[in-house]
Each structure stands twice: as structure tokens, then as C-alpha cells.
Colleague: 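My questions will all concern the structure given below.
It should be emphasised that the depicted structure is a prediction, and the values quoted were computed from it without experimental measurement.
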Amino acid sequence: MSSSYLPATTDSIAQALEAKTPAESISILYRVLESPSSSSEALRIKEQAITNLSDLLRQENRAEDLRNLLTQLRPFFNLIPKAKTAKIVRGIIDAVAKIPGTSDLQISLCKEMVQWTRAEKRTFLRQRVEARLAALLMESKEYSEALTLLSGLIKEVRRLDDKLLLVDIDLLESKLHFSLRNLPKAKASLTAARTAANAIYVPPAQQGTIDLQSGILHAEEKDYKTAYSYFFEAFEAFNALEDPRAVFSLKYMLLCKIMVNQADDVAGIISSKAGLQYVGPELDAMKAVADAYSKRSLKLFETALRDFRAQLEEDPIVHRHLSSLYDTLLEQNLCRLIEPFSRVEIAHIAELIELPVDHVEKKLSQMILDKKFAGTLDQGAGCLVIFDDPKTDAIFPATLETISNVGKVVDSLYVRSAKIMA
């Protein structure tokens with residue numbers, strides 16, 4: 001950074017734009033910001049310089065410089081309206097967020113800004129930075145700290161009746177409770193977000209986020225048809241905005257189709273006009289799962305999970321539902337294979353189903369304990385012994401019915417005798 005400043009004029013901005021290298025542009029813009037002029041025109045030019053500088057620093061992946069820029073601009077923030085300060089601060093924090101691998105830096109930057117906004121009594125900006133900090137803490141799995149921060153923030157925002165921020169915070173709280181597997185509280189927070197959203201105009205992106213979260217919660221309760229409709233609404237909103245979350249909404253739509261035994265519809269949705277825009281590994285993963293499910297093939301299912309590990313195993317929402325789908329598919333296949341036998345080697349069953357012996361043995365023992373079929377494992381001989389289903393003797397229910405009827409007769413006679421004696 002040069003010690004000599006440049007005047008805050010449009011010519012200086014033009015000079016920065018015409019510079020041959022990004023480093024030269026950055027140097028010129030820093031010099032513009034050092035200009036001592038505080039006229040309305042100079043302030044406007046400096047605001048433009050800050051926007052251009054933050055974009056260049058983001059492109060150059062200079063996250064630490066962006067952080068230092070926020071500190072350097074604090075005297076400048078006293079010269080401009082609070083609303084413009086909030087816009088610049090949030091813009092620079094967003095620029096840092098677009099640089100990969102800066103989660104820890106973003107958290108420390110937000111904490112610094114929260115302290116500064118408290119000292120400067122900038123409540124509007126502080127609340128938004130705290131909401132951003134809570135989201136970052138949740139992504140870093142610092143759930144308890146995020147929940148503590150949100151609890152105090154919600155009370156404060158409800159008092160001020162800032163509906164738009166309240167929608168953001170309630171939605172964030174719902175995601176946080178869902179991550180902690182507390183579904184009742186996640187649903188309550190989502191309902192609060194919907195109630196606040198109904199009272200104001202909500203941007204389409206925010207409405208899409210609400211629908212996406214609604215779909216996730218309904219899918220968790222196995223209500224896949226309702227979840228599908230919410231995911232579809234979210235997909236339409238994100239698709240219109242060209243938001244990258246559109247592909248995840250579409251992916252969850254396909255998941256719902258598979259979970260309600262409509263795996264054959266998956267190929268049609270992917271090949272539709274909207275689906276073709278998002279063809280890639282996310283949709284290929286769901287297509288592979290749908291093909292495996294349609295063919296009732298555990299080997300294809302395992303192959304899909306292995307080939308698309310990032311898209312299936314590392315997505316907690318998909319992984320949770322596919323785990324239950326895999327278990328169901330495995331149980332159905334095992335029941336079908338052991339049906340003709342009264343005694344069979346576990347190794348033979350494993351060979352038929354094309355899975356490791358220890359995996360099959362573990363699942364069979366679980367199914368026996370869950371009373372999916374009557375049998376026992378002879379581990380010495382490495383065999384599964386299947387018992388015939390014990391037939392219930394018809395005499396026992398008939399006896400119970402007779403005793404019940406006799407009881408009714410005795411009660412009736414007692415009532416009559418009581419009337420006669422009276």
C-alpha cells in the first residue's frame with residue numbers, strides 16, 4: 001500500500017479498473033480510501049472503491065486482507081449512514097464466505113464485528129451479524145454455542161418485532177434442532193418461521209428455504225408424499241433464481257419417489273426439461289439408487305453407495321433415508337432366499353445375496369431378535385435353522401371368549417338380583 005493517497009474521484013476508480021494486474025488495481029483502490037476528503041461525492045466514490053476492492057480481494061483469495069479492510073474502515077463508517085455501513089459490512093463478510101476454507105476466519109471476524117457493533121450501539125447490524133455467526137457455528141458443529149446465541153437473539157428480535165430477521169432466526173433454529181435430532185422443537189421453530197413469514201413479504205429465496213426445511217422434516221416423519229410437494233415448491237423457487245440449492249431440492253424429490261416405491265418415475269423426472277439443466281453426479285447418484293431399488297438388487301445398491309459416496313453417504317439427509325431403505329431391501333431379499341429352507345448354511349445365503357458372510361450373519365441375528373421369522377443361528381456349524389411358524393391353538397381364544405360371556409351373564413344376574421332384593 002502506497003503512502004500517497006489518490007483523490008476520491010471517478011478518474012481514480014477508472015484508473016483502478018484500467019490497471020494491468022489485480023495487485024495494481026488493489027493498490028490504487030487502497031490509496032483512494034486513504035483520501036482525507038469527506039464530501040458527499042468523495043464518500044460515494046469511496047463506497048464504490050470498497051465494493052470493487054472487496055471483489056478483487058475475493059477473486060485473489062486474500063481473506064485476511066478483507067478482514068483487515070473491515071478494521072481499517074471503522075473511522076469511515078462514522079461518516080456514512082448506519083444502513084450503508086450495514087450493507088458494506090455484510091458485503092465484506094459475504095466476500096470472505098465465498099473464499100474456500102475460511103470457516104474459522106469467518107467466525108472470528110463475526111465475533112470481532114459483534115463486539116464492535118455492541119460498543120458502537122449498532123443494534124440492527126449486530127443482530128444480523130449474530131444470526132450469521134450462529135449459522136457459521138452450526139456449520140462447524142458448535143451446536144451448544146449456536147443455540148445459546150440464538151436463544152437470546154430470538155427474545156430480542158421478538159421484542160423489536162423485526163419480522164424478516166425473525167423468519168431467518170426461526171428457520172436457523174429449526175435447522176439447529178434438526179441437527180440435534182430434536183424433531184418436536186425443529187417443527188415448532190419452523191411453524192414460528194411460517195407464522196412470521198405470513199405477516200410480511202418474503203423474498204422467493206427465503207420462501208424456498210422454508211419449503212426445503214418443511215420437506216426435510218416431513219421426510220423425517222416418513223410422510224414422503226407431503227415432503228415431495230414441499231421439495232417441488234422449493235425446487236421451483238430456486239430454479240427460477242438459478243440458486244445452486246435447486247439441485248439438492250431435485251435430489252430430495254427423487255429420494256421421496258424412491259421411498260414411496262415409485263422408483264420408475266425417477267428417470268422421467270431427470271429427463272424432463274427442468275431436470276436436464278441439473279444433470280450431474282447428484283442426479284446420477286439418485287438414478288443409480290432408483291435402478292438398484294427397481295431391480296431389488298443389493299449388489300447394485302452397494303455399488304451405487306460406493307461409487308457416489310460423496311453424494312449419498314456424506315449427505316446426512318439422504319444417508320439417513322437410504323440406510324432404512326437398504327435395511328428393508330436386505331430383509332426382503334433374505335426372507336425370500338431362506339423361505340424354501342429349514343436348515344441352510346449362512347455362507348450359501350451370503351453367496352446367493354452376494355454380500356460378506358459376517359454382514360449376512362449379523363443381519364439374520366437382528367431379524368430373529370426382531371421376530372421377522374422364527375429361527376436360530378447354529379454358529380458352530382455355520383448354519384441357520386428355520387422353525388415352522390408356531391400355529392396358534394384355536395381352543396385358547398374360544399375359551400377366553402366363553403369365560404368373557406360367562407362373566408357377562410354373572411354380572412347381568414347380579415344386577416337383576418340386586419333389583420329384586422331392593
Colleague: Anything under 3.5 Å between a donor and an acceptor, one on a side chain of residues 250-267, the other on a protein residue two or more places apart or in another chain? List them.
Modeller:
unit_1	atom_1	unit_2	atom_2	d
K251	NZ	E282	OE1	2.7
K251	NZ	Q311	O	2.7
K251	NZ	D315	OD2	3.1
Y252	OH	D315	OD1	3.4
Y252	OH	D315	OD2	3.1
K257	NZ	Q262	OE1	3.0
N261	OD1	Y293	OH	2.1
D264	OD1	S294	OG	3.2

Colleague: Salt-bridge test for D370 and K363: reply yes if a basic N is under 4.0 Å from a carboxylate O, no otherwise.
Modeller: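 Here D370 does not pair with K363 in a salt bridge, since their nearest N and O are not under 4.0 Å apart.
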Colleague: Just by distance, with hydrogens left out, do Q72 and Y30 show a side-chain donor and acceptor under 3.5 Å apart?
Modeller: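 The criterion, which ignores hydrogens and geometry beyond distance, is not satisfied for Y30 and Q72.
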Colleague: In terms of side-chain geometry, is the basic nitrogen of R181 or E220 positioned less than 4.0 Å from the acidic oxygen of its partner?
Modeller: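 E220 and R181: salt-bridged.
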Colleague: Look at the rings of F232 and Y228 and say which category their plane angle falls in: under 30° parallel, 30 to 60° tilted, over 60° perpendicular.
Modeller: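 Ring orientation, 0 to 90° scale: parallel.
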Colleague: Could you name each residue pair satisfying ring-ring contact (aromatic ring centres under 6.0 Å, His included) that touches residues 166-196, not counting sequence neighbours?
Modeller: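 Matches after skipping sequence neighbours: none remain.
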Colleague: Applying side chain to side chain contact (heavy atoms under 4.5 Å, CB included), name anything that partners D104, two or more places apart in sequence or on another chain.
Modeller: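 By the side chain to side chain contact (heavy atoms under 4.5 Å, CB included) rule, D104 matches no residue at all.
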Colleague: Any salt bridge between E156 and R126, counting N to O under 4.0 Å?
Modeller: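 A salt bridge is present here (some side-chain N lies under 4.0 Å from a carboxylate O).
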Colleague: For the rings on Y278 and F235, is their centre-to-centre separation under 6.0 Å?
Modeller: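 Between Y278 and F235, the centre distance is under 6.0 Å.
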Colleague: Throw together a table of side-chain donor-acceptor distances under 3.5 angstrom for residues 73-84, partners on residues two or more places apart or in other chains.
Modeller:
none

Colleague: Does the pair E302/K299 count as a salt bridge with the N-to-O cut at 4.0 Å?
Modeller: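 A salt bridge is absent here (no side-chain N lies under 4.0 Å from a carboxylate O).
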Colleague: In the structure I gave you, are the side-chain heavy atoms of T102 and I99 within less than 4.5 Å of one another anywhere?
Modeller: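 In contact.
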Colleague: Can you list the residues that meet the side chain to side chain donor-acceptor pair (under 3.5 Å) rule with R132, with sequence neighbours excluded?
Modeller: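 For R132, the residues satisfying side chain to side chain donor-acceptor pair (under 3.5 Å) (neighbours in sequence not counted) are D94.
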Colleague: Identify whether the distance between the nearest side-chain nitrogen and carboxylate oxygen of D65 and R58 falls below 4.0 Å.
Modeller: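 Salt bridge between D65 and R58, a charged N being under 4.0 Å from a carboxylate O: no.
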Colleague: Above 12 or not: heavy atoms from other molecules or residues under 6.0 Å from CZ of R296?
Modeller: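 Yes, CZ of R296 has more than 12 neighbouring heavy atoms, counting only those of other groups under 6.0 Å.
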Colleague: What ring-ring contact (aromatic ring centres under 6.0 Å, His included) pairs are there with at least one residue in residues 182-220, not counting sequence neighbours?
Modeller: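 Every ring-ring contact (aromatic ring centres under 6.0 Å, His included) pair that includes a residue of residues 182-220, provided the two are not neighbours, is H218-Y230.
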Colleague: Salt bridge check: are R128 and D168 linked by an N-O gap of less than 4.0 Å?
Modeller: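 No salt bridge links R128 with D168.
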Colleague: State whether the number of non-hydrogen atoms from other residues, nucleotides or ligands found under 6.0 Å of E401 atom CD is greater than 12.
Modeller: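 Incorrect, the count does not exceed 12.
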